[in-house]
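None of the values given here were measured: they were computed from a predicted structure. By convention here, the first residue in the shown sequence is residue 1.
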Amino acid sequence: MNTIHTNHMPEIYRNVANRQVKGGKTDSPAFSEQTAHKSESVVAQYKRKHPEDAYHVNGQVRAGRSVLTKNGADNVCREDMTMDEYKNFINRLMNSIPFDATRVYDREFVSISEAGWQQMKNDPEYEAWVLGYTVENRSVRNPFFGWPGAAGNVYMENFGASIEEHIGQSVGISGPGSSYNNGKNEKSWWEKRRERMEERMEEQSEKAMKKAQARKALEKKLYLNSRLAAQQRLQSFLSESTQESTNMTRFPSAGVNALAVMAYEDNISIFSKSVIEHEK
């Protein structure tokens with residue numbers, strides 16, 4: 001990491017600082033009116049055209065200024081730099097911005113047009129936006145880090161003379177240390193992953209449909225079984241009721257027969273007693 005420390009400034013910083021001393025500009029901040037272009041910043045123009053993005057853009061600008069502060073470059077005057085010195089200055093700041101730990105396999109290529117360099121040099125707010133965008137972009141986590149085949153991406157960031165001219169693109173890498181997938185017939189890891197996800201979704205949908213059908217069939221079977229059991233209980237109840245009614249109908253005759261038997265036994269007993277007494 002090429003972090004720039006205040007107590008050990010690179011040669012380009014010292015040369016510019018010396019020129020500032022000779023010119024009596026040691027107290028001039030980097031974002032003062034002396035270094036800012038008289039015309040309105042392209043960042044302000046963008047926010048006026050897209051007020052819904054103003055909050056996000058302001059956050060990016062603040063992140064870019066934090067990069068300058070961390071590297072001790074707040075008070076460096078851009079006016080006294082040649083364009084080559086300014087490009088070296090920005091490249092050092094770019095190199096100080098780290099990637100998230102899940103982006104170890106990512107590769108990034110940054111391209112800035114000549115008009116973009118000139119705009120950044122004369123427009124401190126746009127310069128801060130470019131740095132802040134880079135901070136935000138590199139801090140994004142890769143949610144597929146550690147997955148089989150998830151090696152990373154190649155990022156191409158192209159900056160022009162305004163925010164609207166910025167174009168960011170990414171291409172998947174097939175594996176660590178492998179060449180880029182430039183072949184027309186060769187699918188990137190992201191395309192293959194999307195196809196696998198679609199296949200899994202179809203499989204899960206089919207399984208869910210079969211499971212729902214099986215559940216409906218089971219519920220129907222249980223319902224029919226419960227109906228059949230209810231009918232059997234009803235038939236058994238009706239059958240028992242009929243039998244009880246039949247028994248109640250036959251009860252009087254059974255009572256008469258019992259009385260006849262009892263009378264017969266009483267008569268036998270009386271007859272037997274009389275016979276015994278007569279024999280005596």
- Could you grab the distance from atom CD of Glu165 to atom CD1 of Ile167, nearest 0.5 Å is fine? 8.5 Å

- Are His50 and His56 close enough, and set up right, to give a side-chain contact (heavy atoms from CB on, under 4.5 Å), and what steps lead you there? CA-CA 11 Å; His50 308 278; His56 185 200; over 6 Å; no

- Query: Val171, Tyr155: one ILVMFWY side-chain cluster at the under-4.5 Å cut-off?
  - Reply: no

- Can you label the angle between the Tyr126 ring and the Trp129 ring as parallel, tilted or perpendicular, going by 30° and 60°? parallel

- Message: Would Asn88 and Asp84 count as a side-chain contact (heavy atoms from CB on, under 4.5 Å) here? Give the steps.
- Response: CA-CA 6 Å; Asn88 189 21; Asp84 288 339; over 6 Å; no

- What heavy-atom pair brings Arg141 and Pro143 nearest, and what distance separates the two atoms? O-CD, 3.3 Å

- Query: Can you check whether Gln118's main-chain N or O pairs, donor with acceptor, with Asn122's side chain at less than 3.5 Å?
  - Reply: yes

- If every non-hydrogen atom of Ala161 is compared with every non-hydrogen atom of Ala115, which pair is closest and at what distance? CB-O, 3.8 Å

- Item | Donor-acceptor pair, side chain of Ser66 and main chain of Arg62, under 3.5 angstrom | yes

- Item | Ion pair check, Glu114 and Lys87, cut-off under 4.0 Å | yes

- Query: Are Val110 and Ile97 connected in a single hydrophobic cluster, I mean Ile/Leu/Val/Met/Phe/Trp/Tyr linked by side-chain heavy atoms less than 4.5 Å apart?
  - Reply: yes

- Atom pair NZ/CZ of Lys211 and Arg215 - distance to nearest 0.5 Å: 7.5 Å

- Query: Is there side-chain contact between Gln60 and Val43, with at least one heavy-atom pair below 4.5 Å?
  - Reply: no

- For Ser226 and Tyr223, which heavy atoms make the closest approach, and how far apart are they? OG-O, 2.6 Å

- Does CD in Glu52 sit with more than 12 non-hydrogen atoms of other residues, nucleotides or ligands closer than 6.0 Å? yes

- Message: Can you tell me how far apart CD1 (Ile112) and CG (Asn91) are? Round to the nearest 0.5 Å.
- Response: 7.0 Å

- Item | Which atom of Thr102 lies closest to which atom of Phe145, heavy atoms considered | O-CD1, 3.3 Å

- Query: Counting only N and O atoms by type, is there a donor-acceptor contact under 3.5 Å from the side chain of Tyr86 to the main-chain atoms of Met120?
  - Reply: yes

- Message: Is there a continuous path of hydrophobic side-chain contacts, each under 4.5 Å between heavy atoms, that joins Met83 to Ile90?
- Response: yes

- Task: Output yes when a side-chain donor or acceptor of Asp106 lies under 3.5 Å from a complementary backbone atom of Asn153, and no otherwise.
- Result: yes

- Query: CG/Leu131 to CD/Glu127 distance, rounded to the nearest 0.5 angstrom?
  - Reply: 6.0 Å

- Message: Closer than 3.5 angstrom, by distance alone: can the side chain of Arg78 be matched with the main-chain N or O of Val76 as a donor-acceptor pair?
- Response: yes

- Out of curiosity, does Phe99 fall in the hydrophobic cluster containing Val135 (side-chain heavy atoms, cut-off under 4.5 Å, transitive links)? no

- Query: Can you check side-chain contact (heavy atoms from CB on, under 4.5 Å) on Val140 and Asp100, steps first, answer last?
  - Reply: CA-CA 6 Å; Val140 176; Asp100 185 82; over 6 Å; no

- Quick check: does any side chain N or O of Lys47 sit under 3.5 Å from a backbone N or O of Asn58, one acting as donor and the other as acceptor? no

- Task: Drop me the distance from Asp123's CG to Ser39's OG, to the nearest 0.5 angstrom.
- Result: 7.0 Å

- Walk me through it: do Asn137 and Glu108 pass the test side-chain contact (heavy atoms from CB on, under 4.5 Å)? CA-CA 10 Å; Asn137 189 45; Glu108 183 188 68; 3.8 Å; yes

- Separation of Arg138 CZ from Met94 CE (nearest 0.5 Å): 7.0 Å

- Query: Between Arg103 and Ser139, what is the shortest heavy-atom contact and its length?
  - Reply: NH1-N, 4.4 Å

